[in-house]
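Inspection log for the structure reproduced underneath, given as structure tokens.
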Number of protein chains: 2
Amino acid sequence: MSEKLYETTIRTTPIFQGKIIDLEVQDVTLPNGKESKREVVHHPGAVAVIALTPENKLILVRQFRKPLEKVLAEIPAGKLEKGEDPLECAKRELEEETGVQAENWTKLHSFYTSPGFADELVHVYLAEGLGEGMVNMDEDEFVERIDVTLEEAEALIESEEIHDAKTIYAVQYWKLRG
Amino acid sequence: MSEKLYETTIRTTPIFQGKIIDLEVQDVTLPNGKESKREVVHHPGAVAVIALTPENKLILVRQFRKPLEKVLAEIPAGKLEKGEDPLECAKRELEEETGVQAENWTKLHSFYTSPGFADELVHVYLAEGLGEGMVNMDEDEFVERIDVTLEEAEALIESEEIHDAKTIYAVQYWKLRG
């Protein structure tokens, strides 16, 4: 029944190939036969980790986000290297950003962040059984770890220091889990 | 304490100005004094609506997403016109996509979808007291409305027809609300 929703590509024009994202413009035929343009960002995908400590705190990292020109507190996350397994990426990013290793890993959800213009898919894992690992900070990554209670996380949402979709999702997940 | 996280811009190179997004590359100085590049997508921002019917169903729209080359079921959403008030945009998008008007509007959260490379901010509203309005379909918008129970929404998450951050967030919100 959804064939009437499909758009077909007439022509793809590459605009930019970057370190992280590629951009192209697609000329498309709409379901009504008219033509339009779509701006499409390709992204390698990412992982995010809901890491709960033995004290039942959520690990966040404070990080400067250049597109916003401000610091956000987010769950640990990072983009997939070419061909990298998402679970291996999640383990790597958690240790690089927080110095923590986890015994138990559970895949929760994956989701597209901005399906209107980008194909970025984020794979979210729950990490439990945490222990301090070696701190292997990525040299291009500058983050500050903070461990927060549920009440503190909700206050950070209120103050908009937590202000991204995956971290608000993570706090909701934590509440639902009880 | 977070000054050590900041990155300063040395130079901004515009790459692309589109209908929906703009792209620029920024040369930046990292906190350790080294230089790096940031790829930044500018987006006008968007709204999304959690619309609950008198029968306690959630209104979703099935929509072809060109970056993914597939149909997703999402909560009604759309991008802000220049200078548009987010609440007015939410009312407009809900009616354009579903034919529904709502008496009661509550702002829930806003969140950045992909703070690593884009400044897109989504404002999420709860819409209640629904009534059928006039169907004013946007001519460039092809969507199919489906109203789902919580159990149906969870099955759609499992089958990955619901597969974007804002809609998974919406289903969590609905569960938490009880």
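The backbone N or O of Glu35(B) lies less than 3.5 Å from no partner atom in the side chain of Asp27(B), so there is not a single donor-acceptor pair. For Ser114(A) (side chain) and Ala118(A) (main-chain N/O), no donor-acceptor pair under 3.5 Å exists by modelled atom type. Side chain of Thr9(A) to main chain of Arg11(A): no donor-acceptor pair is present (N/O by atom type, distance under 3.5 Å, no hydrogens or angles). In this structure, Thr149(A) contributes its side chain and Glu152(A) its backbone to a donor-acceptor pair below 3.5 Å. A donor-acceptor pair under 3.5 Å is formed between the side chain of Arg145(A) and the backbone N or O of Thr98(A). At least one donor-acceptor pair closer than 3.5 Å links the side chain of Lys19(B) to the backbone N or O of Lys37(A). Side chain of Glu96(B) to backbone of Glu93(B): no donor-acceptor contact under 3.5 angstrom is found.
Of the atoms belonging to Glu24(A), not a single heavy atom falls under 4.5 Å from chain B. Heavy-atom distances place no part of Glu158(B) under 4.5 Å from chain A, backbone and side chain included. Both the backbone and the side chain of Leu176(B) come within less than 4.5 Å of a heavy atom in chain A. When heavy atoms are compared at a cutoff of 4.5 Å, Ile20(A) approaches chain B by way of both its backbone and its side chain. When heavy atoms are compared at a cutoff of 4.5 Å, His109(B) approaches chain A solely by way of its side chain, counted from C-beta outward. Neither the backbone nor the side chain of Thr167(A) comes within less than 4.5 Å of any heavy atom of chain B. Only the side chain of Ile157(A) has a heavy atom closer than 4.5 Å to any heavy atom of chain B.
Annotation for Arg92(A) and Lys79(A): closest pair NH2-O, 3.6 Å, computed over non-hydrogen atoms.
Heavy-atom neighbours of chain B within the stretch residues 120-128 of chain A, taken at a separation under 4.5 angstrom, comprise Glu120(A), Leu121(A).
Between Phe111(B) and Tyr169(A), the ring center distance fails the sub-6.0 Å criterion.
Interface check for chain A: of the options Tyr112(B), Tyr173(B), Phe117(B), the most heavy-atom pairs under 4.5 Å are formed by Tyr112(B). Chosen from Val41(A), Ile21(A), Val25(A), the residue pairing most often with chain B at heavy-atom distances under 4.5 Å is Ile21(A).
With respect to Leu60(B), the side-chain contact (heavy atoms from CB on, under 4.5 Å) criterion is satisfied by exactly one of Val171(B), Val143(B), Asp147(B), Leu156(B): Leu156(B).
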